[in-house]
Amino acid sequence: MQCVLLDFETRSRTDLTKTGAYKYAADPSTDILCMSAIDSEIGDEWLWYPGTQAFPATLAVAIEHADLVTAVNAEFDKAIWEYIAVPDYGAPEIEHKKWYCLAAQCRVNAIPSGLENAARALGINKRKDPRGKQLIKALSIPNPVTGEFNEDPKLMQEMGEYCLQDSRLARKVMALTRLMSVTEHQDWLITCDINERGAKVDTELARLAVTYADAERGEIADKLSALTGGVITKHTQSVRIRKWLLAECENDPDVIALMTVKKGDVEKQSLDKDVRTALLDARTSDGFLLCQLTADVLELVDQGSKSSVSKFQRMLDMAEDDDRVRGAFVFAGAGQTQRFASRGLQLHNMRRDCWKAEQTEDIKQSMRTKQIIPNVMDTLSKLLRPALIPAPGHKFVVSDWAAIEGRVLPWLTEDPRAEAVLDIFRSGADIYMATAKAMGILERQIGKVATLALGYQGAVGAFQAIAKNYGLILTEAEVLKIVFKWREANPWAVAYWRACEKAAILAMRRPGTEVKIGKCQFMFVEGLMNGTLCGILPDGTVLQYPNARLEYVKGKYGGKWQVSYAKASILPKADATEWPRHTLYGGLIAENFAQGTAGAILKYALRELASVNAPVAFHVHDEIIEEVHIRAVEARSLQLQTIMETPPPWAVGLPLEAKPAVMQRYGK
DNA sequence: TGCGGCGGCGCC
DNA sequence: AAAGGGCGCCGCCGCA
């Protein structure tokens, strides 16, 4: 495998962190300072300053012969290459499928995807060097006072050296982790295509929303200042608000009790949404004192805490001239499950409860004519999804898999007792009602919450967390009974948790051996990243647990063996000597497997859709949104449903259901 | 002033 | 022994 590693250093008047790579690369003020390249096999190095040098002929040959052209976050380098290096500086063209991303390779290895953190996780870069950042600040950003770029030749030369050093480090990281499989690389390329296509934003709506949100935030701030004598000046000042409230109620133990939340092993006082609701609710019951003043303050915080309205500004920052936001998806962004993540304009967490297209038009018209809107922040956050729109003459075709994880989990177990659950899905019956019945309970709501909450060894806490979203209020004793009944009615799940945990331990004891659990496997690979426990999903996707260790932990009544591993998503603190670790337990493994397999089904469908040139605009874990010409809506809907409901070859027998809807704006 | 840490929020 | 976990973004806080 011959591979050329690239790294660009650039400068621009636009802010990369606000606009994202695509808009940044497309901006006319963006230019290349230098580019380093390394041939990963031979080790040949190049440093190119396009302002003063022609493109190195030997590098052109190396690229021509390379199987892959690699960069950390290659979408950035690819965009710079295609938008600037080729047209402005005579760099040779590189075919799309030759591009390869080292950051994506890091993510499939379950280590951080930033070069510095990846190297740190691999133990080859202990110390952070601030010089690189200083150089970027000096050369990549115009002087804030004069607006001029610094062109100091000495600094430019130093920048080049740093650029080359990054490529050398990247080469090491590449060698210490496993390459993406052909399928993973293909999925990454498909992600590039989706990112390049982008999602269209109703920028007029976004601008109106920003105006209204700014005004409302100002009003809330004024009210808070007035109520608290200037102690609290914004609804976002969580520390001030907490201190003020505690002082105001003279450390009333009842109030403190309601404010106390457990985080890990430590108890803390919080004033998050749940606590505020609890405090305001308790106010109406007997004997609880929460004066009008504090209640008013809490309600103002509630009103202001729709932080999601900041997304409208983000839409405007990222939208290009054609009103499209590009680069929102990260292939394997979730290292532990290999699901996608979304960045920049995060399309994965937009408020679900939202206005319909017609309501959106009405509200938009009200804002155009500067009408007063009641409950502004709430109204605005319900406009987030509808702010995503299809191009003129197009519609969204939207489809999501019904209860995908509820189907995948029993299917993965291969337990004959789980067939009954799959048969309920196959029959089209109501799974939540059936679950309740199997537990000897009549309320569908309880069946629903139990199904959503208890599949991964969660107990009272997990149930209550989900129950509150459905307005279900039960005592701890009642929930404990429900948990017990659910486990009794679903013995396949309990057995699976145990089997997963045992398999992980067994795999650690027998390196290089496949240990089967239902449709998945574990294998401990000693030579990879200080020992990596690999969970292999039915499609071949590998979930990695790097730096895995089998440890004997002593308990009160004897001890037990357990597997721990380095957790990529938790970055170590500045003074930490070891990467933060987590412990595997059965329910967690079952969850990782189920989420990962659901993600594999999405990736499979995206490949199928790519092969028929389906216009996928975006996706949200279990949901695919196509932006379709109005004349093709019917055909594409049918095609989308067929692709989503046909299980992949490795999942024959898994019942899938995904009925498409047609929308003028994005909605639930 | 810049930056890491943390609390908070939203979704699947 | 029991265990909800997977994400990313915004904005404040406190330190260097």
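Only a predicted model underlies this, so the values are computations on that prediction, with no experimental measurement involved.
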Every protein N/O within reach of nucleotides 14-16 of chain C N/O, cut-off under 3.5 Å:
none

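Note on Arg240(A): every side-chain N or O is 4.0 Å or more away from OP1 and OP2 of dC12(C). Not one side-chain nitrogen or oxygen of Arg343(A) sits closer than 4.0 Å to the OP1 or OP2 atom of dC10(C). Listed pair Lys234(A) / dC12(C) meets the phosphate criterion, a side-chain N or O lying under 4.0 Å from OP1 or OP2. Contact annotation: Tyr456(A) does not reach the phosphate of dG6(C) (side-chain N/O to OP1 or OP2, under 4.0 Å). Between Thr583(A) and dA3(C), a side-chain N or O to OP1/OP2 separation shorter than 4.0 Å is absent.
Tyr24(A) meets the ring-ring contact (aromatic ring centres under 6.0 Å, His included) test with Phe76(A); sequence neighbours excluded. For Phe340(A), the ring-ring contact (aromatic ring centres under 6.0 Å, His included) test picks out His619(A), with sequence neighbours left out.
Nearest nucleotide to the Lys273(A) side chain, out of dC9(B), dG5(C), dG6(C): dC9(B). Checking dG7(B), dG4(B), dG6(C) against the side-chain heavy atoms of Arg242(A) singles out dG7(B) as nearest. Each of dG11(C), dC12(C), dC9(B) was ranked by its minimum atom distance to the side chain of Ser310(A); first place goes to dG11(C). For Glu591(A), taking side-chain heavy atoms from C-beta onward, the closest of the listed nucleotides dC9(C), dG7(B), dG4(C) is dG4(C).
Evaluation of the salt bridge (charged side-chain N to carboxylate O under 4.0 Å, His left out) test over residues 468-485 of chain A, restricted to residues two or more places apart or in two chains, returns Asp274(A)-Lys468(A).
Heavy atoms of Leu571(A) sit nowhere under 4.0 angstrom from any nucleic acid atom. Note on Gln595(A): a base of the nucleic acid sits closer than 4.0 angstrom, heavy atoms only. Within 4.0 Å of Gly344(A), counting heavy atoms only, lie sugar-phosphate atoms of the nucleic acid but no base atom. Nucleic acid contact class of Gly335(A) (heavy atoms, under 4.0 Å, all strands): sugar-phosphate only.
For the segment residues 346-356 of chain A, residues with any heavy atom less than 4.0 angstrom from an atom of DNA chain B are, sorted by number, Gln346(A), His348(A), Asn349(A), Met350(A), Arg351(A), Arg352(A).
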Result block: side-chain N/O donor-acceptor pairs under 3.5 angstrom for residues 564-572 of chain A, not counting sequence neighbours:
residue: Ser564(A); atom: OG; partner: Glu551(A); partner atom: OE1; Å: 3.0
residue: Ser564(A); atom: OG; partner: Glu551(A); partner atom: OE2; Å: 3.4
residue: Ser564(A); atom: OG; partner: Arg581(A); partner atom: NE; Å: 3.3
residue: Ser564(A); atom: OG; partner: Arg581(A); partner atom: NH2; Å: 3.0

